[in-house]
Number of protein chains: 2
Amino acid sequence: MKDELADVAPYRPSIYAAPFRKDGDGMEVELLSRSEQDALMEVSQLISVRRHTVLYPEGGEARFVYNVVSGVAQTYQLQANGDKRITAFLFPRDLIGLSENGAYVATAQSLTPVTAFRIPFDALQAILERDPGLDIGLLCKLCHELRRSQHHAITVARNDAPARLASFLLWIEHAYAPPGRLAGELILPMTRHDIADYVGLTVESVSRALHALEAQGVIRRKGPRFITLLDTAKLRKLAGQV
Amino acid sequence: MKDELADVAPYRPSIYAAPFRKDGDGMEVELLSRSEQDALMEVSQLISVRRHTVLYPEGGEARFVYNVVSGVAQTYQLQANGDKRITAFLFPRDLIGLSENGAYVATAQSLTPVTAFRIPFDALQAILERDPGLDIGLLCKLCHELRRSQHHAITVARNDAPARLASFLLWIEHAYAPPGRLAGELILPMTRHDIADYVGLTVESVSRALHALEAQGVIRRKGPRFITLLDTAKLRKLAGQV
DNA sequence: CGAAGGATTGAGTTCATTCAAGTTGGGTGG
DNA sequence: CCACCCAACTTGAATGAACTCAATCCTTCG
């Protein structure tokens, strides 16, 4: 059994987002400078959890923010009728820990084994007080998340089932590239039920929509968790992204 | 014709949001200190536009951020099929001007006469470099907007038409209290079409949902733009907010 | 006051949901 | 290592909610 610290030592805090300022190409960039990463590492703790671990519960006292560096997590809220609504899937270089009045607004749970930096709120605020660069980086990340959320709301508001799934698959392809993944080969770390909750459909409709996409020759399914994108252009058109 | 400046002189920049830290009650608070307001006023220009004015177009060069101080605006994106999807309605104490890579991500348009501070991006960034308090205030506001957007996505994803309208009406009641408005009396500054786009329904369905709410005795319509909330508790239950 | 756009109502259709029954596949114990 | 088993996934048929199409009513604004 190896030293756990040695295993995770190569990880550094990392936050990716598209900047709001024009900044070369339209790609996403690392928002943390070397020194900001160091500052965060000093105050935070690198944690590793196995799949299906609750990082924190909805309504719990919000004392940490998490920076995912490997694996996938989700946040969800329990509805009045009892079923859960997924508010976000979170990938490496994302932040988790949205709170309101000192309480987390959602439950955060790992879908795969997850490694993350656990950053105490107080320490983060202290760093923010003296590092304007970090503030602006975080503003950038939040704008990024806001755009994504608004886009998601639009997607879910009016598109039919295949369009929602097309949009979802394109997003996963862009956002989640685990090591060794081939281009166009998707690994879905979440269940159909999770996907259904996220895109606002039932499990059955997700299944049928994927079937429809496969019948059109746009994707190929290989078991429930592996999907190959065969025609990205057509997928994009189906998703309404012209 | 009166001096325009004299009319608008009492306005000051203002940003409201629920803080993420526990901070007394669960209410929203002013995030700008007096000195931050002063700093913003120094670099920004107070503008007044009449209704249906485009503040900036989608894709346009993002040089300003706007802080609404009176009136209502909306932001929307034009879809591939041509119709517009509303991403947000914006009220006094809100910020408008979300951009990505130097370009606005949506068109911003006033629904009523709007007064707003137009803040140059460069100047804002300069202030951010030296005022950590402002940064944290903006982070707070963005978290607030992100929560709202995620909540909106959830609302729109799985609720039926009456539930979406109930949720929408409750939000308007909370977010938009023009001077002289009585509690429970709503003035809708947007058309049915705008509402439909926002909640992900057709105009007809919005109409029918409002009719259904009225038939249940939860609201009363007085012309297309005036709605009285008769039973807020029941409305909340319909909206799924227990 | 009249026109034009917005809002409501009605009838028929469509597409996601519900309910129900298979099928698959990953994980566990023998 | 294999076979079993359970949960996840898929497929099918019937229901129902929201959409489309179309006509009428309202109201706002020139």
Side-chain angles (χ1 to χ4, degrees), chain A residues 50-52 74 79 81-86 111-113 155-169 186-216 219-227 238, chain B residues 50-52 74 79 81-86 111-113 155-166 168-169 186-216 219-227 238 240:
Chain A
R50 59 172 180 283
R51 39 184 263 151
H52 303 148
Q74 64 181 172
Q79 296 301 107
N81 61 20
D83 57 29
K84 61 185 183 185
R85 299 288 170 80
I86 287 164
L111 289 169
T112 66
T155 302
V156 138
R158 271 184 159 300
N159 291 131
D160 63 5
R164 294 189 208 184
L165 265 294
S167 188
F168 177 78
L169 293 176
L186 300 193
I187 302 165
L188 301 177
M190 65 289 285
T191 67
R192 291 287 185 275
H193 198 88
D194 293 330
I195 299 174
D197 273 343
Y198 188 64
V199 301
L201 296 169
T202 57
V203 195
E204 294 93 329
S205 294
V206 169
S207 207
R208 279 186 256 270
L210 289 176
H211 177 82
L213 291 177
E214 191 169 29
Q216 287 177 68
I219 65 169
R220 185 191 311 290
R221 289 183 285 180
K222 285 180 185 147
R225 315 196 88 85
F226 295 92
I227 290 184
L238 282 169
Chain B
R50 58 171 179 283
R51 40 186 261 149
H52 302 147
Q74 64 182 171
Q79 296 301 106
N81 62 20
D83 57 29
K84 61 185 184 184
R85 299 287 171 81
I86 287 163
L111 289 169
T112 66
T155 302
V156 138
R158 271 184 159 299
N159 291 133
D160 63 5
R164 294 189 208 183
L165 265 293
F168 177 78
L169 293 176
L186 300 193
I187 302 164
L188 301 178
M190 65 290 284
T191 66
R192 291 287 185 275
H193 198 89
D194 293 330
I195 299 175
D197 273 343
Y198 188 64
V199 301
L201 296 169
T202 57
V203 195
E204 295 92 332
S205 294
V206 169
S207 209
R208 280 186 256 268
L210 289 176
H211 177 82
L213 291 177
E214 191 167 30
Q216 287 177 69
I219 65 169
R220 185 192 312 289
R221 290 183 285 180
K222 286 180 184 145
R225 316 196 86 85
F226 296 92
I227 290 185
L238 283 169

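Chain naming here is simple, since letters A, B, ... match the order of the sequence lines and numbering starts at 1 in each.
Rounded to whole Å, the distance from CG on B:Asn159 to C1' on C:dT17 is 15 Å. Rounded to a whole Å, the CZ atom of B:Phe226 is 18 Å from the C1' atom of C:dT8. Between the CG atom of A:Leu165 and the C1' atom of C:dA16 there is a distance of 13 Å, rounded to whole Å. If you measure from atom CG of B:Asp160 to atom P of C:dA16, you get 17 Å, rounded to the nearest angstrom.
In this structure the side chain of B:Arg164 never reaches within 4.5 angstrom of the side chain of B:Val206, judged on heavy atoms. Counting heavy atoms from C-beta outward, A:Leu186 and A:Phe226 have side chains that stay 4.5 Å or more apart. Side chains of B:His193 and B:Ile86 form no contact here, defined as non-hydrogen atoms less than 4.5 Å apart. Residues B:Ser205 and B:Thr202 form a side-chain contact, since some pair of their non-hydrogen atoms from C-beta on lies under 4.5 Å apart. Between A:Lys84 and A:Gln79 the shortest side-chain heavy-atom distance does not fall below 4.5 Å.
Side-chain nitrogen and oxygen atoms of A:Thr202 include none within less than 4.0 Å of the OP1 or OP2 phosphate oxygen of C:dA16. Listed pair B:Arg225 / C:dG6 fails the phosphate criterion, with no side-chain N or O lying under 4.0 Å from OP1 or OP2.
For the pair A:Gly200 and A:Lys222, nearest-nucleotide mapping onto DNA chain C gives the more 5' position to A:Gly200. Along DNA chain D, the nucleotide nearest A:Ala157 and the nucleotide nearest A:Gly223 are compared for position; the residue whose nucleotide lies closer to the 5' end is A:Gly223. Each of B:Glu204 and A:His211 was assigned the nucleotide of DNA chain D with the nearest heavy atom; the assignment lying further toward the 5' end belongs to A:His211.
Proximity of residues 191-199 of chain A to DNA chain D (heavy atom under 4.0 angstrom from any strand atom) is restricted to A:Thr191, A:Arg192, A:His193.
For A:Leu201, counting side-chain heavy atoms from C-beta on, the closest listed nucleotide (C:dT17, C:dT8, C:dA11) is C:dT17.
A nucleotide of DNA chain D counts as in contact with chain B when one of its atoms lies under 4.0 Å from a heavy atom; the first and last such, 5' to 3', are D:dA18 to D:dC29.
If you check every strand for non-hydrogen atoms under 4.0 Å, B:Arg221 touches sugar and phosphate atoms only. Nucleic acid contact class of B:Arg51 (heavy atoms, under 4.0 Å, all strands): sugar-phosphate only.
Between the side chain of A:Arg192 and the backbone N or O of A:Pro224, at least one donor-acceptor pair lies under 3.5 Å. Remark: side-chain polar atoms of A:Gln74 are not paired, donor with acceptor, to backbone N or O of A:Asp194 under 3.5 angstrom.
No more than 12 heavy atoms of other residues, nucleotides or ligands lie within 6.0 Å of CZ in A:Arg51, so this atom counts as exposed by the packing criterion. Residue A:Arg220 qualifies as open at atom CZ: its count of foreign heavy atoms under 6.0 Å is 12 or below.
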